[in-house]
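This is a predicted model, so every value here is computed, not measured.
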Amino acid sequence: MNDTKQKLIAIGKTILQYSRNELYLSMRFLDIALSALQYEMNLSTLYLGTDGRKILFNTRYLMQLYQSDRILVNRAYMHMLLHCVFQHMFHRNKREEQYWNLACDIAVESMVDQFKVSALSMTISDKRQELYNLLHKKLKVITAEGVYIQLLYMSVSELQLLELKKEFWVDDHSFWQQDEEQNENEEQQQNEQQNTQRNDRNHTMTKQQQLLEQWQDISQKMKTNLETFQKDMGEQAGEMLRYLNIKNSQKYDYSRFLQKFVTRREEIQIDEDAFDMVFYTYGLQMYGNMPFIEALEYKEVEKIEELVIAIDTSESCSDDIVKRFLEETYSILQNKQNFFRKFHIHIIQCDAKVQSDIVVTDQTELKQYMEQFVVKGSGGTDFRPVFQYVDNLIEQKTFRHLKGMIYFTDGYGIFPKKPPCYDTAFVFVTKGDNVVTVPPWAIKIILTEYDLLDIHKPYQNIN
């Protein structure tokens, strides 16, 4: 029995190694990615799949696939590899599972069908080509995020969903779910470890996070390799490069760039870092209830006290995009670690001129503003009036410690010629492959429509 198992393992690994070698000879830019996956027989599946670390296979299915047509094995290998390169298994949280799985398969298969190499070449069905043509009308690049949104927009029926699954299914995604459950267990264990090892980054990063970083690094290197081999590959390299540009583009991260806008001051809270427990406990041991030293009741912290959020409400920015940006902004502003209990934030709506300026000073006012928010303005885009308006407020002493402005826009406007006396972060919403040029003094953050419209339930149910 054991000999039979070892033979099955050896056969499965041999088939996958042949496939890997053939893909490498056809597409040299895959070298790093191809070497990242190990092989393991796993009889919990009837097919094959990947968890980002290994290709897990049922040998009998793999043998049947190979005997039917070795190109099918190559395409399956490439399919799973692209899931990893595009990090699909890491971005499934809170999404409609069946829609996300299908969107990932469609995006990957559209990419596999793009490569005109003998190792992958097969006739594309009319049904596939029809869907690709439809998606290309809606999306500049067929990404899983973009397809996911389109599937929700289209209100696909159960029958249509089954037909699409049948057309694009290749691998078993159940290993993605297993990895997610493992990640949750790791996070729970690490939360306990953080009580005693707060500053050890290796303990605060889960294996899943480490794996994600590994594939992000592979994706970046693969992009560099692809640019090197682009002349040899010609047109078929274009779609892959555009996809990788989207995946590797600078994503917006409020927790990161908000640090540029902080003010340092004292806040009432226990300063655990400046408190020595040795003297405290020694005093209690010696005198019962009289510690030698007590914790300070105040602490110097760096948080945001004053901020301007400018929102481009010109005709080119849709109301839905603006509202979703504000929803994301609202969730960040609610975090007490980023802001003092009392703050001074101007939320300015503007197109070619300033349309409104609402000041919020605490969480209650912020919540009320979000509940009553209405987009104002639909003219052209000119960034200069907002900067002039804020400069006037500074002259009037409205601001005391203004550190910066966040300007949300689609990028099509007139920039000021002179830099302001505060930092400015332009958050650009693009279709995914637009190149936005900013003045040297501006911070540029790229945000795709997929990020903002990445909703987790059917679109028609969102208010």
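Between H346 and I309 the shortest side-chain heavy-atom distance does not fall below 4.5 Å. Side-chain atoms of L134 and M154, non-hydrogen and from C-beta on, do get closer than 4.5 Å to each other. Using a 4.5 Å heavy-atom threshold, the side chains of V85 and L244 count as touching. For the pair I15/R70, no side-chain contact is recorded, criterion being any heavy-atom separation below 4.5 Å from C-beta on. Taking the side chain as every heavy atom from C-beta outward, M78 and L30 approach each other to under 4.5 Å. Residues I348 and V308 form a side-chain contact, since some pair of their non-hydrogen atoms from C-beta on lies under 4.5 Å apart. Side chains of S121 and K116 form no contact here, defined as non-hydrogen atoms less than 4.5 Å apart. Looking only at side-chain heavy atoms (C-beta outward), F387 and F415 stay at 4.5 Å or farther from each other.
I347 CD1 to I406 CD1: the interatomic distance, rounded to the nearest 0.5 Å, is 10.5 Å. Note that OH of Y407 and CD1 of I443 are 16.0 Å apart. Values are rounded to the nearest 0.5 Å. For the atom pair NZ (K13) and CZ (R20), the distance works out to 11.0 Å, reported to the nearest 0.5 Å. Between the CD atom of E130 and the CD atom of E167 there is a distance of 11.0 Å, given to the nearest 0.5 Å. Here the CG-CE distance, from D423 to M405, works out to 11.5 Å after rounding to the nearest 0.5 Å. Atom CZ of F57 and atom CD1 of I55 lie 9.5 Å apart (nearest 0.5 Å).
Look at R75 and D171 and you find no salt bridge, because none of the NZ, NE, NH1 or NH2 atoms lies under 4.0 Å from a carboxylate O. Salt bridge present: K221 and D217 bring a charged side-chain N and a carboxylate O closer than 4.0 Å.
Remark: the backbone N or O of Y148 is not paired with any side-chain donor or acceptor of W100 at under 3.5 angstrom. Remark: side-chain polar atoms of N58 are paired, donor with acceptor, to backbone N or O of T45 under 3.5 angstrom. Formation of a donor-acceptor pair under 3.5 Å by the D172 side chain with backbone atoms of L48 is not found in this model. The backbone N or O of E158 lies less than 3.5 Å from no partner atom in the side chain of Q160, so there is not a single donor-acceptor pair. Looking at S68, its side chain never comes within 3.5 Å of a backbone N or O of L65 through a donor-acceptor pair. A donor-acceptor contact shorter than 3.5 Å is absent between the side chain of K140 and the backbone of K137. With hydrogens and angles disregarded, a donor-acceptor distance shorter than 3.5 Å links the side chain of T313 to the backbone of K376. Judged purely by atom type and a 3.5 angstrom limit, S110 uses its side chain to pair as donor or acceptor with the backbone of A107.
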Worksheet item: side chain to side chain contact (heavy atoms under 4.5 Å, CB included) between M63 and Y66: does it pass, once the steps are laid out?
Response: CA-CA 5 Å; M63 290 170 60; Y66 186 80; 5.7 Å; no
Discussion item. Go through it in stages, so that I can follow the logic: the residues are L62 and V73, the test is side chain to side chain contact (heavy atoms under 4.5 Å, CB included), and I'd like the CA-CA distance, side-chain angles, deciding distance and then a yes or no.
Written reply: CA-CA 8 Å; L62 196 55; V73 179; 4.3 Å; yes
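Ring-plane geometry between H173 and H83 is classed as perpendicular, the angle between the planes exceeding 60 degrees on a 0 to 90 degree scale with a lower cut at 30. The aromatic rings of Y243 and H88 sit tilted relative to each other, their planes meeting at an angle between 30° and 60°.
When Q216, Q214, Q220 are each tested for a side-chain contact (heavy atoms from CB on, under 4.5 Å) with I218, only one passes: Q214.
The two residues W215 and G52 make their nearest non-hydrogen contact at NE1-O, 2.8 Å. Between T59 and L8, the shortest heavy-atom distance links the atoms OG1-O, 2.9 Å.
Within 6.0 Å of the OH atom in Y39, the count of heavy atoms belonging to other residues, nucleotides or ligands exceeds 12. K7 NZ: 12 or fewer foreign heavy atoms inside a 6.0 Å radius.
Aromatic ring centres of F426 and F408 lie farther apart than the 6.0 Å criterion allows. Ring centroid separation for the pair W169 and Y47 comes in under the 6.0 Å cut-off.
Figure legend: R28 and Y24 shown as a cation-pi pair, the cationic atom lying under 6.0 angstrom from the six-membered ring centre and within 45 degrees of its axis.
No hydrogens or angles considered: a donor-acceptor pair under 3.5 Å links the side chains of Q129 and N133. Between the side chains of S19 and N74, a donor-acceptor pair is found at a separation under 3.5 Å.
A search for ring-ring contact (aromatic ring centres under 6.0 Å, His included) contacts involving Y369 returns F373, not counting sequence neighbours.
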